[in-house]
Protein chains: 2
Amino acid sequence: MTAPARIVVIEDDPQIRRFVLDALGKAGCAPQEAGTARQGREILGAGDAQLVILDLGLPDMSGIDFIRALRLWSSVPVLVLSARVTEQDKIEALDAGADDYLTKPFGVGELLARVRVLLRRHGQGGDTESVHRFGGVEVDLARHAVKRDGADLHLTQLEYRLLAVLLANAGKVMTHRHLMREVWGSGQAEQEHYVRIYVRRLRQKLERDPTQPQHLLTETGIGYRFQP
Amino acid sequence: MTAPARIVVIEDDPQIRRFVLDALGKAGCAPQEAGTARQGREILGAGDAQLVILDLGLPDMSGIDFIRALRLWSSVPVLVLSARVTEQDKIEALDAGADDYLTKPFGVGELLARVRVLLRRHGQGGDTESVHRFGGVEVDLARHAVKRDGADLHLTQLEYRLLAVLLANAGKVMTHRHLMREVWGSGQAEQEHYVRIYVRRLRQKLERDPTQPQHLLTETGIGYRFQP
DNA sequence: GCCGGCGTTTACACAATTTTTACGGCGTCT
DNA sequence: AGACGCCGTAAAAATTGTGTAAACGCCGGC
């Protein structure tokens, strides 16, 4: 349940763009796309990109210049795709500030592997910062670690899974059936009683006063809701 | 790239080694050289390398395994050189922890450009201490040395590998399967029982009260977690 | 060859978790 | 008021996971 990597694909050829976007999509990313340098710069202006995949042959700007301009204000990793195979082209792009250079045609697998390398090194949001805090409790979903007032707390597997689903949908009302499907699997979506038993356990471990829950709230007749 | 870039070249073919060393030398680096994995590991043990250039076809060890082992205690960037050109080879190496993959034959210019990229990103920091301390125990991953209350302690290979994986992911819950894959290889990821036996051995050697472990903790139904 | 260390395999008692079952309270609707 | 549905609580039963011990086979050193 890692946060999707924020990747920006800047490529003018619609065919290759689709190819790259599909590959990233299947790998679980939610890439944004741009067909021109101008459009790409606009998206990057938001400042929350983790990786740029850049075609050097853009219609409205030299790729090298694009990288150089980008490097003036951003250190986001850049993976270059290019049809140009000469060594001089590669050296120029890499020295301009690119982090990797892949020549067309390339395989999906290698592209994704190189994307993983760059995200591993620089993708600050890759798997970190999935920490939720509320009322003295600290839940680190990535580490499977829960603390209460600084002290480690142990949750069983089901307790943990249930909490994770509620946290991921903070503020939303989750029906019994929905929680059952998410935690116990769609097989026994009927046994809605389990949810109650495990919500109780979570309350006893997490809530300051388990009889008057402040965060794990009951929505009578519907289900439960987590309130931060 | 300032004066003293500490680069280690691990390559068994003397011809290519000379080629690479010459190129780096002319670029103003003072690389160290190794002809075998064992020799390379010794040099890296000093812990002050900024970049590793690694040939995958070493005589005494699979390059992939070398990278994986290295990644347990060091985050030094690795540039792979290889005669193997298939996509699968590249993916494996990159996912094992390599930062770039260059197929032979390659040009001097491109090699140096890619070296500059890696040094630009990661060069300055160098390698940090890889010594872990907890509850009277001192583990120096780089030197493969473990002390308990000042006295040397001997760990077998598997014990050591398991400890290294747990230390490298301190605080995180590691599933049985994950540990099996990391330590025993993906072949027998099913035999999850091994992990238990070896965790027990580690506890007996490292924990003050092996029956009440303070650092090597069980996550029932999931796996184990190391807590500093 | 014999020995000792090491990694592997098997077996079993015990502990933790999950599931099942049961019961009492509270509010609402008739 | 009484019946009903929904919820919280409790604790026993069933299941699963874990710690421990002991035995086996492999290999290198003596």
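Chain A approaches DNA chain D over the interval dC6(D) to dA10(D), counting the first and last nucleotide 5' to 3' with an atom under 4.0 Å from its heavy atoms.
At whole-Å resolution of the value, CG in Leu155(B) and P in dC6(C) are 10 Å apart. For the pair Gln204(A) CD and dT17(C) C1', the interatomic distance rounds to 16 Å; values are reported in whole Å. Remark: P of dG7(C) and CZ of Arg200(B) are 15 Å apart, rounded to the nearest angstrom. With rounding to whole Å, Leu162(A) atom CG is found 11 Å from dT18(C) atom P. Between the CD atom of Glu159(A) and the P atom of dA16(C) there is a distance of 14 Å, given to the nearest Å. What separates OH of Tyr198(B) from P of dC6(C) is a distance of 10 Å, to the nearest Å. Across the protein-nucleic acid pair, Ile197(A) atom CD1 and dC23(C) atom P stand 15 Å apart, rounded to whole Å. Across the protein-nucleic acid pair, Leu158(B) atom CG and dG5(C) atom C1' stand 13 Å apart, rounded to whole Å.
Scanning all heavy atoms of the two residues, the minimum distance from Leu94(B) to Ala113(A) falls at CD1-CB, 3.8 Å. Ala93(B) and Ile67(B) make their closest contact through O-CD1, 4.2 Å (heavy atoms, listed as atom of the first residue, atom of the second, distance).
Gln157(B) comes within 4.0 angstrom of the backbone, heavy atoms only, and of no base. Heavy atoms of Tyr224(B) sit under 4.0 angstrom from primed sugar atoms or phosphate atoms, though from no base atom.
Between Phe106(A) and Phe19(A), the ring planes are tilted. Angles from 30° to 60° get that label.
With Glu138(B) as the fixed residue, the side chain to side chain donor-acceptor pair (under 3.5 Å) test singles out one of Arg148(B), His132(B), Arg133(B): Arg133(B). Paired with Arg161(B) under the rule side-chain contact (heavy atoms from CB on, under 4.5 Å), one option of Val165(B), Leu158(B), Leu163(B) passes, and it is Leu158(B).
Counting atom types as modelled, His193(B) pairs a side-chain N or O with a base atom of dA11(C) as donor and acceptor under 3.5 Å.
Using a 4.0 Å cut-off, some side-chain N or O of Thr156(A) falls inside it from OP1 or OP2 of dT18(C). At the phosphate of dT19(C), OP1 or OP2 sits under 4.0 Å from a side-chain N or O atom of Trp184(A).
Salt bridge present: Arg114(B) and Asp100(A) bring a charged side-chain N and a carboxylate O closer than 4.0 Å. Using a 4.0 Å cut-off between a side-chain N of Lys or Arg and a carboxylate O of Asp or Glu, Asp140(A) and Lys172(B) do not qualify as a salt bridge.
Nearest-nucleotide mapping onto DNA chain D: of Gly221(A) and Arg201(A), the residue sitting toward the 5' end is Gly221(A).
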